[in-house]
Amino acid sequence: MFKLIIIILSCAWGMAQGSEKDPGSGLVIAPGWELVRMHCGACHSYKLVTAQRADKEGWRSMIQWMQETQNLWEFDESTENGILNYLSTSYPPQANRRRAPIAKNLMPVM
């Protein structure tokens, strides 16, 4: 009985968070997620995608870098907008994603 209660609470918590994830890729299921699954997963792990955070221009910059240096194909405007809207909405910038720099007085003497 306790196990059933935990399962129900876990499901309710996940639904309350509003971020259902695709079990195969781990991507948040939202408009555009299938474009990201198809185009981004062709070259690298979805964990690399989900570990990143950026606004629309930051994601655009990452895509342009991949197109210029990693042979990522060009997208038509509709596809690119779908990918950028999905990524900037589902994986937006977050404060405090990295630890604070080490204070100078704690750094080793050189």
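Under the 3.5 Å distance criterion, the side-chain polar atoms of Thr89 are matched with a main-chain donor or acceptor of Asn85.
How far CH2 of Trp33 is from CD1 of Ile83: 14.0 Å, rounded to the nearest 0.5 Å. To the nearest 0.5 Å, atoms CE (Met62) and CD (Gln52) are separated by 5.5 Å. Between the OG atom of Ser78 and the CG atom of Leu35 there is a distance of 7.5 Å, given to the nearest 0.5 Å. A distance of 6.0 Å separates SG of Cys40 from CE of Met66, quoted to the nearest 0.5 Å. Here CD of Gln64 is found 10.5 Å from CG of Leu72. Values are rounded to the nearest 0.5 Å. Taking CG of Asn81 as the reference point, atom CG of Asp76 lies at 9.0 Å (rounded to 0.5 Å).
Side-chain contact between Arg37 and Tyr46 is present, with heavy atoms from C-beta onward closer than 4.5 Å. Side-chain contact between Ile63 and Leu84 is present, with heavy atoms from C-beta onward closer than 4.5 Å. A heavy-atom distance below 4.5 Å is found between the side chains of Val49 and His44. The closest side-chain heavy-atom distance from Ile29 to Lys21 is not below 4.5 Å. Side-chain contact between Thr79 and His39 is present, with heavy atoms from C-beta onward closer than 4.5 Å. Looking at Glu80 and Glu74, their side chains never come closer than 4.5 Å, going by heavy atoms from C-beta outward.
The aromatic rings of Tyr86 and Tyr91 lie perpendicular to each other, with more than 60° between the two planes, well past the 30° mark.
Under a cut-off of 6.0 angstrom, the local environment of CD in Glu77 is sparse, with at most 12 non-hydrogen atoms contributed by other residues, nucleotides or ligands.
When all heavy atoms of Arg53 and Thr50 are compared, the closest pair comes out as NH1-O, 2.5 Å.
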